[in-house]
Amino acid sequence: MPSLNRRELLQMLGATASVAGLPACTREPAEEILPWVRMPERRVPGEPAQYASTLSRDGYGQGVIVRTHAGRPTKVEGNPGHPGSLGATDPQAQAAVLELYDPDRSRTPIRAGAREATLADFDRELEVRLDRHRQRGGEGLCLLTGSVTSPAAVAQLERMQQSMPAVRWYRHDALARDEVYAGARLAFGAAVETIYRPDRARVVLSLDADLVGTLPGSLAYARQLVSGRRPTPGDPSMSRLYVLESAPTQTGAIADHRHALRAGDVYGVARALAVRLGVLPQGERADIPVAEKWLDAAVRDLEAHRGAGIIVPGDHLPAAVHALAHAMNERLHNAGRTVLHLDPVPAGAGSENATLASLTDSMRAGSVETLVMLGVNPVYTAPADIGFAGALTELEYSVHLGLYADETAALSRWHLPEAHALECWGDLRAYDGTPSLVQPLIAPLYGGLAALDVLARLNGRKETAHGLLQEFWRPQAGSDFESFWREALETGVVPADTHGRVNRTVQAGLERRLPAPGPVDALELQFRPDPTVRDGSHANNAWLQELPKPLLGLVWDNAILAGPQTAARHGVVDGDLVRISHGGREIEGPVIVASGHAEGSVTLMLGYGRERAGRIGNGNGYDAYALRSSTAPWVADGAALEATGRRAQLARVQQHHGTEDREPVRESALHEIGALAEEGGGGGHHESLYPGHEGSRYQWGMAIDLNACIGCRSCTIACQAENNIPVVGKQEVARGREMHWIRVDHYEQGSGEERRTYFQPVPCMHCEHAPCEYVCPTAAAVHDSEGLNVQVYNRCIGTRDCSQNCPYKVRRFNWLDYNGYESGRFRKLATPAPQRNPSVTVRSRGVMEKCTYCVQRISAARIEAKKDDRPIADGEVVTACQAVCPADAIRFGDVSDPSTAVSRWKADGRNYVLLGHLNTRPRTSYLARVRNPNPSALGDDDDGR
Amino acid sequence: MPQVFTPRSNNVARAVVFGSIPALVILLLVSIALARSSLVTGKGRPIPQPVPFSHAQHVGALAVDCRYCHVSVEESAFAGIPPTETCMTCHSQLSTGSDALAPVRESWEEGEPLRWRRVHDLPDFVYFHHGIHVSRGVGCVSCHGRVDQMVTIRQVRSLHMKWCVDCHRDPSSWLRPPEHVFDMAWRDPEHPSQTGRKLMARYGIDTASLADCSICHR
Amino acid sequence: MAAERPADRIPVLEPGQTYASVTDHMSALVLRGPTRRGLVALFLLFTALAILFGYAVIAVFARGVGLLGVNIPVAWGWPIVNVVWWIGIGHAGTLISAVLLLLRQRWRTSINRFAEAMTIFAAGIAALFPFVHLGRPWLFYYLVPYPDTMGLWPQWRSALVWDFFAIATYILVSILFWYQGLVPDLATLRDRAVSPLRQRVYGFLALGWRGSARHWEHYETNYLLLAVLATPLVVSVHSVISLDFAATIVPGYHSTIFPPYFVAGALLSGFCMVVTLAVPLRGLFGLEDFITLRHFDRMAKLMLASGFFVIYSYAVEFFFAWYSGDEFHRYVQINRLFGPYAPAFWAMLTGNVLVLQALWWRRVRRSLPLLFTVAVIINVAMWLERYVIVITSTHRDFLPSMWDSASATGWDAALLIGSLGLFCFLMALFIRFLPLISIYEMRELVREREAEP
C-alpha cells in the first residue's frame with residue numbers, strides 16, 4: 001500500500017529534505033544525513049516518485065499526476081488518461097502544491113471562546129448533540145456543502161438522510177451553475193448536464209460562453225477545439241468559431257468572428273437565431289444589437305454543418321437562453337453528436353429548495369439547531385441580500401470545516417482544520433461524470449480532517465475516509481476488488497463508469513414556456529469568477545495572486561471592467577476608483593477599460609476583498625459579493641457608476657498592447673495560408689561571421705502554435721512551480737520586476753469586426769547566436785553543446801548586460817532578496833522550502849535567471865537513456881509549460897532529428913521566428929495565427945463594441 | 001637648516017620602495033595556495049560520526065560490497081545511506097553488546113534515524129549524479145579514495161570545480177571496465193589512456209557535451 | 001581693460017610676480033592655510049554629502065540593486081549614467097597636462113595641477129559606480145584573470161572586461177603623472193614647513209628631491225615619457241567604455257560613432273568641470289594673477305571645439321537612424337524626441353547645442369559669471385546626454401509588449417549628489433594639503449617672462 005510508505009515518509013519530511021539536496025539549505029559546515037530506519041519497498045532514495053490523484057476544479061474532478069521528492073509533493077501534472085484533464089491542468093491545480101504547504105492554513109480545531117480545543121472535545125460535544133438529533137430523526141440538524149461530485153460523499157449523505165429523514169442538506173456554491181440545470185428543466189423537463197465535443201464540430205457558436213476558459217470541461221474543450229484548428233498549407237482545413245460575448249474572454253480572443261453585446265441582449269439574439277432556425281415561429285422582429293448579416297451568416301454556416309455544429313450558452317445566462325440552445329442544437333441534429341446530455345454531475349444540482357437563502361430563512365425561523373458546514377465559506381461568498389452572516393452569529397451551534405480559519409470560521413462555534421486534497425482520501429467526478437480517486441501523497445501536515453471523516457462522524461461510523469471510500473467502491477468493483485482498486489489508483493481513473501449518458505428531447509411548446517424578452521435598461525452589472533482565485537477560495541495563494549489574469553495582465557487585485565465608450569461617458573480611465581451602486585448597496589473598485597467589452601455594461605470579478613484569507617490574500621482588491629443578490633447572481637440591471645475622483649494603483653505586467661506594425665504575431669486568413677510559406681520563417685537565412693553551431697547528437701528546440709494558444713497562462717504558473725520561481729509582490733510587479741520565465745504577451749489590433757486579439761507565449765528563445773552570451777564578462781551566459789542557452793547562476797555577478805542586449809527581454813533579475821533569506825520584506829511571499837524542486841537551484845539576490853528549457857528534465861532523461869545505452873526518445877523530455885498546456889500549443893524536442901514532433905511543426909509553412917531579421921537564430925519558433933472568416937459575414941460596418 | 005631626515009632613513013625609503021613589490025607577490029601566492037589548502041577544501045579532515053563505523057573493517061577486512069549499504073548508487077543521484085535495518089541484519093547477531101553500536105540499537109528500537117554527518121558536501125548549485133558516473137565506469141576510488149583503508153571516512157579530493165572539470169574534459173584516464181568500478185584495489189594492466197580510449201567508445205562518452213555548464217549546474 | 005585685449009596679448013601670468021612672490025603665495029595656501037569661516041562651513045557640507053554617499057553605497061550593497069530605479073527592460077540605471085559622466089569629467093586633466101605639455105602650451109601650467117587632481121578624483125569615483133551597479137559586487141573579481149580553482153577565465157569578448165582594465169590603467173597612470181609633477185613642489189613645502197611633522201611628511205613624499213641638475217634632467221625626461229604614455233589613454237578609456245554600448249545590438253546603443261563621440265563628450269564635460277572649479281578657486285584664493293582671462297578664453301575655445309564634435313555626433317545618430325532604414329533604430333530616435341523621456345532629451349539639446357553657442361562671443365568667454373554659468377549648464381546637459389543614451393534605448397526596444405519605463409528612486413539621487421559631495425570633499429583636502437598650482441612651473445614662467453625683451 002503506497003500510502004503507508006508515504007505516512008512513514010512524513011516522519012522523514014524535514015530531514016530527508018537535506019538528503020534531496022534541498023537548495024534552500026545554506027551551506028553549513030556539517031550537513032546531516034538521516035537514513036531510513038526501515039527502508040520501504042520499491043523506493044530509490046533521491047529519486048522522485050509519481051502518484052495519480054484528483055484535484056477539484058470548482059468541484060469537478062481533474063485527474064492529476066503528482067510528483068513527490070522524498071515524500072514531499074512538489075509538482076502537479078495533468079493525467080493524460082483522465083477525460084477532465086487529457087494531460088493538462090488549470091492554474092489552480094498547479095498552485096495546489098503551494099496551498100498544501102501554506103503556513104496560514106488552519107492547524108488546530110478552534111472553539112469559539114475557548115483558549116484551546118482538541119478534536120476529542122469536539123467529538124464529545126458532537127456525540128451529545130447527535131444523540132439528541134437522532135432521537136428526533138435528525139430534526140434541527142442541517143448540513144451545508146458546496147456542489148458535491150464525490151460519489152462516496154453522496155453515498156454518506158444519502159445514508160444520513162435515510163437514518164435521519166429530518167436532516168436537511170443545503171448546498172451553496174458561489175459559482176453554482178443553477179441556470180444551466182434550470183434551462184435544461186425548461187427544455188427537457190429534467191435537469192441534465194450538457195457537455196460538448198468541439199473536436200467533432202466544424203462550426204461553433206458561443207453565446208457569451210467561455211468554452212475554452214471557465215467551463216467545467218474547458219480543459220478538454222480547449223484541447224478538442226484546437227485539434228480542429230491546425231491548418232497547414234498542405235491541409236488547409238479549420239473549424240470556424242463565432243463568439244457573441246459581453247466581457248472579453250479567451251474564447252472571444254481566438255474567435256474567427258467576435259461581436260460584443262450585453263449579456264442581457266443575448267436572449268434577444270438567441271430568439272432571433274431560433275426564429276431563423278425555425279425553433280421559434282416567424283414574425284417576431286425585435287431590434288437586436290447584432291447585424292442581420294452576421295446572424296444570417298452564422299445560421300447558414302450552422303445549417304450547412306448539421307450534426308457538426310455547437311451552440312453553447314454561457315453558464316451565467318438565464319435559463320431561457322439555455323433552453324433555446326438545447327432546442328436549436330436539437331433542430332440542427334447536434335444533440336447526441338457534438339452536444340451530449342448526462343445526469344447532473346453535482347448531486348442534487350439545481351434543486352431550488354436547498355439553497356443558502358432557504359437555509360438562512362430557517363435559521364432565522366429558529367428551526368436550525370446544529371449547522372455543519374463542509375469546505376464552504378458562506379459568510380464571505382453569500383449573496384449580500386440574505387444576511388447569512390447575521391443569522392450565523394445568532395445560531396447556537398455551528399461547525400465549520402475548512403482549509404483556513406476564514407470569515408465563516410470566525411462566526412462559527414467550532415472550526416475544524418480540513419485536510420488538503422493532497423493529504424486525504426476521496427473521489428470526484430469529472431465534467432463528464434467520470435469518477436476518479438483522490439489519494440493522499442503525504443500525511444496531513446496539520447492533522448486535518450477530510451469531508452468524509454466528518455460525514456462518518458455524523459453517521460456514527462468509526463471508519464476512516466479510506467475505509468468509507470473502499471466500502472463505496474467495493475460493490476462497483478465486481479469480483480477482483482484488489483486489482484480494480486490498484487488500477488484505479490495507478491491509472492487515476494475508476495474503471496467502472498457509473499455515470500451514464502441520457503437522451504433527452506425538448507418537450508413541445510417551448511415557446512410558450514419562454515419568458516418574453518425584456519428590454520435592458522440603465523447600466524448592466526455582471527459578476528464573473530476571477531480567473532485565478534476563482535470564488536476567492538484560492539485567495540491566499542501567492543502564485544495565483546501573481547499570475548497575470550488573461551486579457552488583463554493584472555495581478556494581486558481585481559478590477560471593474562468597462563468598455564471604452566462607457567468609461568468615456570463616465571469620464572474614467574484605467575486605475576480610477578469608481579463607485580458602483582445597485583439595489584441600495586455599493587462598492588468601490590478600480591476601473592480597467594477593456595477594449596472589446598460590451599458598452600452599457602460593467603463586469604465585476606468575484607474572489608477579492610477577503611478579510612480572513614491569510615497573510616497573502618487579505619486586503620487585496622474589492623469584494624464584489626457585497627453587490628451580489630441571490631435573485632440575480634450573475635447579471636443584474638439598473639446599476640449606477642460614478643467616479644470617486646480617487647485613483648488606485650494597479651499592477652499589470654504589460655503596459656503596451658499595440659503591435660506597432662512590428663508583427664510579433666504573424667497572421668493569415670485561411671485561404672491565404674500558402675502565402676505564409678512563401679514569406680519564409682524569417683531568420684536563419686542570413687550570412688554570419690559566427691562559426692556555425694556544431695554540437696552533440698541532441699539539439700533541443702521548441703515550437704509554439706499561436707493558433708492553438710488560448711492565453712490561459714497555465715504555462716506561466718507551471719513553470720513557476722517547476723523552476724522555483726519566486727513571488728515578488730504587487731509593488732515589485734508594478735515596477736516591472738515580475739520573475740515569470742514564460743510570459744504570455746497579449747496584443748490588440750483593429751476595432752469592430754476587424755478587432756483582433758493575439759496571445760504569444762514568450763520563453764527564452766535559446767538563440768544560436770545569442771546576443772546575451774558575448775556581452776557577459778564572466779561567461780555566466782553560455783551556450784551548451786545541445787543548443788541550450790544556459791545561465792550559470794553561480795558564475796553571475798549581475799552586470800545585467802545580457803538583459804540589456806536581449807531583444808526579447810526574456811531575462812529576469814533577482815533585484816532584491818526575493819526568497820526572503822536575508823530580509824523580512826519578502827519572507828511572507830517566499831515559497832515554503834518543502835515545495836521547492838530539489839533539481840533546480842534557488843537563485844540568490846543579484847543573479848540573472850531565465851527559461852532553461854527545463855534543463856533538469858533534459859538531464860534526467862539523458863542520464864536515464866545513457867544508463868540503458870539508448871538514445872532519448874522523442875517526447876521523453878517534456879517541458880513544464882508543454883505538459884500543462886490545455887491547447888497542446890507547445891512542442892519540444894530534438895530539432896536535429898526531422899522525425900520528431902517539434903521538427904515536423906518547424907517544417908510547417910506557418911513556422912516563423914520572432915525578430916528573425918536580427919539573425920539571432922532562435923531555437924524557439926512560432927506557428928502563425930490563422931483566421932477562418934466566413935466570407936459572407938465580413939465587411940459590415942458594425943462598430944462591434 | 002637642520003636635516004629633516006638622517007642618512008639612515010634612505011634605507012627605509014629603499015626598503016619601502018623595493019620591498020613592496022615582493023610583498024604583493026607573496027600575498028598573491030599565499031592566497032592562491034590558501035584556496036587550495038585543506039583549510040578551505042576540508043580535504044583529509046576526519047569527521048566524527050555518531051557511530052564509529054570503520055570502512056576499513058567492513059570493506060577492507062570483511063570485503064563487504066559498496067552496494068550492500070549504498071544501495072541506490074547505481075540508479076540514483078544519491079548513493080544512499082544504509083537504513084538502521086541494514087546494520088541490524090548482522091549486528092542483531094554480531095557484537096551485540098558493543099557500546100559503539102549502542103546508538104544503532106537505540107535507533108532500531110525507537111525508530112529514530114541515525115544522524116550521520118556529511119563528508120563529501122558539494123555546493124547546492126552543483127548536481128552530481130552517482131548513477132551515471134558509476135554506469136560510465138568511474139570507480140568509487142577515483143573520487144572517494146581507498147575507502148577500504150579508512151577507519152574514519154574522510155574527503156581525499158579537493159572537490160574543486162577544476163578537479164571535476166579536468167576529468168569531464170578528458171575522462172579517458174579515469175575510466176575502468178564496469179566489472180572493476182567497485183573494486184578498491186584495481187590497477188590498470190595496460191596503459192591507462194589506451195584503456196581509456198577504448199572505454200570511451202564502449203561507454204559512448206561524448207566529450208563535446210561533457211564539459212557543458214548545464215551538465216552540473218541547473 | 002582686459003576684455004578689450006586680444007587673447008594672446010593677455011599674459012598667462014600677470015606682471016609683478018617674481019620667484020619669491022609665486023612661491024610665497026602658493027606655499028602659504030598650504031602651510032598657513034585658508035581658515036575663513038565660510039570655507040570651513042563649506043567643507044563640513046562636503047563631508048556630510050560624502051558620508052551620505054557612503055551610506056547609500058552600503059545600503060545598496062546590503063539590500064540589493066533593487067533599491068535603485070531599474071527593472072526589465074531598463075536594467076541599466078543611474079549608476080551607469082554616473083560612471084560615464086564621471087569618467088568623462090576625468091578626461092580633461094590628462095589632456096591638459098599630457099597633450100598640452102607635448103604641444104608646449106605654456107598656459108596649461110597654472111591649471112594642470114588641480115585639473116589632474118580633478119581627473120584622479122573623478123575617475124576614482126567613476127570606478128566606484130560599477131560596484132554599486134553590480135548585482136553581486138563581492139564577486140567582481142570574476143572579471144579578473146587570476147588562477148582560480150574553477151578552471152575558468154573571464155569572457156574576453158565582453159567589453160566590460162576591457163572596461164575594467166581601461167579604467168584601472170587610466171587611474172594608475174594619472175596618479176603617477178600627478179605625483180611626479182608634485183615632487184619638486186613637495187620638496188619646496190618640505191623646506192618651507194616649520195612644524196617637524198609637516199617637514200617629515202612632505203619630506204618623505206618628496207623622495208629626497210634636492211633639485212640638482214641631474215634630478216631635473218631625469219625629471220624632465222621621465223615627465224615627457226609619462227606624457228607620451230598618458231596621451232593615448234585620453235582616447236582609449238572612453239572609447240572602450242563606449243563599446244559597452246556600441247558592441248550591443250540595442251537600437252540607440254549600437255552605433256559606430258560612439259567611440260569618438262564619447263571621447264569628445266568626455267573632453268567637453270572635462271573642460272566644463274575645469275572652468276567650474278577654476279572660477280571659484282581663482283576668487284577664493286586670490287589666484288587672479290596666475291589664472292588669467294587668457295586661460296578661460298582658451299578653455300572656452302576648447303569647449304566650443306569639442307562641443308561641436310558632440311553636436312556632429314548627435315546629427316550623425318539621427319542621420320543613421322534614418323539612413324539605416326531600421327524601424328527599431330528609427331523609433332528609438334523618434335521616441336527620444338517625443339517619448340516619455342523627451343524632456344531630458346530637449347534639456348540636453350538646449351545645454352549642449354544652444355547654450356554652447358554663447359562661447360562664440362568674446363564677452364562671454366571673458367566674463368567669469370557667464371562662462372561659469374555656461375560651464376555648469378553644460379555639465380548638467382552632459383549628464384542628461386548619458387541619461388538619454390542609457391535609459392531611453394532599452395525602455396522601448398524590440399517587442400512592444402515589453403515596453404516599460406523605470407523611474408529613479410531616492411537612493412539614485414543620494415548616490416549622485418553624494419558622489420558630487422565626495423568629489424568636492426576630496427578637492428578640498430587636496431587644496432588644503434597640496435599646492436593647487438604647480439609652483440616650480442610658475443617659476444619657469446617667471447623666468448621666461450624675464451627672458452622676454
Side-chain angles (χ1 to χ4, degrees), chain A residues 653-662 664 732 735-738 743 745-747 760 762 771 773-782 795-818 822-823 825 844-848 914-915 917-918 920, chain C residues 62-76 80 130 133-143 150 152-164 244-245 247-251 253-254 326-328 331 390 393-394 396-407:
Chain A
V653 292
Q654 192 176 336
Q655 317 303 322
H656 194 93
H657 294 274
T659 62
E660 302 293 312
D661 305 327
R662 294 180 177 189
E732 290 293 288
R735 299 179 71 180
R737 295 175 175 182
E738 64 274 10
R743 63 177 198 259
D745 288 348
H746 160 219
Y747 299 102
Q760 182 168 44
V762 186
E773 288 171 8
Y774 73 87
V775 294
C776 176
T778 59
V782 289
R795 183 70 178 167
C796 176
I797 64 173
T799 67
R800 282 142 23 231
D801 209 345
C802 52
S803 171
Q804 288 293 85
N805 208 26
C806 174
Y808 311 96
K809 290 286 175 281
V810 291
R811 295 178 154 261
R812 298 283 179 255
F813 191 72
N814 291 273
W815 299 105
L816 295 164
D817 168 38
Y818 293 138
E822 306 157 8
S823 65
R825 178 177 168 195
S844 66
R845 156 163 74 93
V847 168
M848 188 64 73
L914 199 51
L915 301 174
H917 71 284
L918 294 174
T920 51
Chain C
R63 291 178 48 201
V65 283
L67 293 183
L68 307 175
V70 274
N71 64 8
I72 310 289
V74 185
W76 283 2
I80 298 290
H133 165 82
L134 282 185
R136 302 203 292 174
W138 52 92
L139 293 177
F140 80 96
Y141 58 85
Y142 283 178
L143 283 171
M150 298 173 279
L152 297 174
W153 292 109
Q155 205 276 102
W156 298 106
R157 288 183 301 167
S158 167
L160 294 176
V161 175
W162 299 105
D163 253 21
F164 178 81
D244 298 348
F245 303 94
T248 66
I249 63 169
V250 180
Y253 285 3
H254 180 64
D326 173 27
E327 62 176 304
F328 306 100
Y331 180 81
V390 173
S393 303
T394 55
R396 285 186 177 178
D397 60 4
F398 294 96
L399 291 181
S401 60
M402 284 305 286
W403 287 6
D404 199 354
S405 43
S407 43

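Note that this is a predicted model, so its numbers are computed, not measured. Labels below follow one simple rule: chain letters A, B, ... track the order of the sequence lines, proteins then strands, and each chain is numbered from 1.
For A:Asn814, no part sits under 4.5 Å from any heavy atom of chain C, backbone or side chain. Contacts between A:Pro807 and chain C at a heavy-atom distance below 4.5 Å involve backbone atoms as well as side-chain atoms. Both the backbone and the side chain of A:His656 come within contact range of chain C, each with at least one heavy atom under 4.5 Å from a heavy atom of that chain. Interface remark: C:Val70 contributes backbone and side-chain atoms alike to the contact with chain A (heavy atom separation under 4.5 Å). Interface remark: C:Trp156 contributes no atoms to any contact with chain A (heavy atom separation under 4.5 Å). For A:Glu822, the part sitting under 4.5 Å from any heavy atom of chain C is the side chain, from C-beta outward, and nothing else. Only the side chain of A:Arg743 comes within less than 4.5 Å of a heavy atom of chain C; its backbone N, CA, C and O stay farther away. With a threshold of 4.5 angstrom between heavy atoms, A:Ser803 approaches chain C through side-chain atoms but not through N, CA, C or O.
Counting heavy-atom pairs under 4.5 Å between each of C:Asp404, C:Leu139, C:Leu68 and chain A puts C:Asp404 at the top. Of the listed residues (A:Glu738, A:Arg825, A:Arg735), the greatest number of heavy-atom pairs within a distance under 4.5 Å of chain C belongs to A:Arg735. Per-residue counts of heavy-atom pairs under 4.5 Å with chain C were compared for A:Ala779, A:Ala780, A:Gly736; the largest is that of A:Gly736. Heavy-atom pairs under 4.5 Å with chain A were tallied for C:Pro400, C:Pro137, C:Gly64; the largest tally goes to C:Pro400.
Within a 6.0 Å radius of NE2 in C:His254, other residues, nucleotides and ligands contribute 12 heavy atoms or fewer.
Between A:Val775 and C:Ser158, the shortest heavy-atom contact is O-OG, 2.8 Å. Here the closest non-hydrogen pair linking A:Pro664 and C:Leu399 is CB-CD2, 4.3 Å. Considering all non-hydrogen atoms of both residues, A:Pro771 and C:Ile249 come closest at CG-CD1, 3.7 Å. For A:Asp745 against C:Ser401, the heavy-atom pair with the smallest separation is OD2-OG, 2.6 Å.
At least one side-chain heavy atom of A:Leu915 sits under 4.5 Å from a side-chain heavy atom of C:Phe328. In this structure, the side chains of C:Ile72 and A:Trp815 come closer than 4.5 Å at one or more pairs of heavy atoms. For the pair C:Thr248/A:Asp801, a side-chain contact is recorded, criterion being any heavy-atom separation below 4.5 Å from C-beta on. For the pair C:Arg136/A:Ser844, a side-chain contact is recorded, criterion being any heavy-atom separation below 4.5 Å from C-beta on. Side-chain contact check for A:Arg800 versus C:Val65: some heavy-atom pair is nearer than 4.5 Å.
The distance from atom OG1 of A:Thr799 to atom CD1 of C:Ile80, rounded to the nearest 0.5 Å, is 8.5 Å. Rounding to the nearest 0.5 Å places OG of C:Ser405 at 7.5 Å from CD of A:Gln655. Between the CD atom in C:Gln155 and the CZ atom in A:Arg795 there is a gap of 10.0 Å [rounded to 0.5 Å].
With hydrogens and angles ignored, the 3.5 Å screen pairs no side-chain donor or acceptor of A:Gln804 with any backbone N or O of C:Val250. Panel note: side chain A:Tyr774, backbone C:Ala247; a donor-acceptor pair is recorded below 3.5 Å. The backbone N or O of C:Ala62 lies less than 3.5 Å from a partner atom in the side chain of A:Arg845, making a donor-acceptor pair. Of the possible polar contacts, none joining the C:Trp403 side chain to the A:His657 backbone as a donor-acceptor pair under 3.5 Å is found.
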>> As a quick check of understanding, evaluate side chain to side chain contact (heavy atoms under 4.5 Å, CB included) for A:Ile797 and C:Leu143, giving each step before the final call.
In response: CA-CA 9 Å; A:Ile797 64 173; C:Leu143 283 171; 4.2 Å; yes

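Under the 6.0 Å distance and 45° angle rule, A:Arg662 does not count as a cation-pi partner of C:Phe398.
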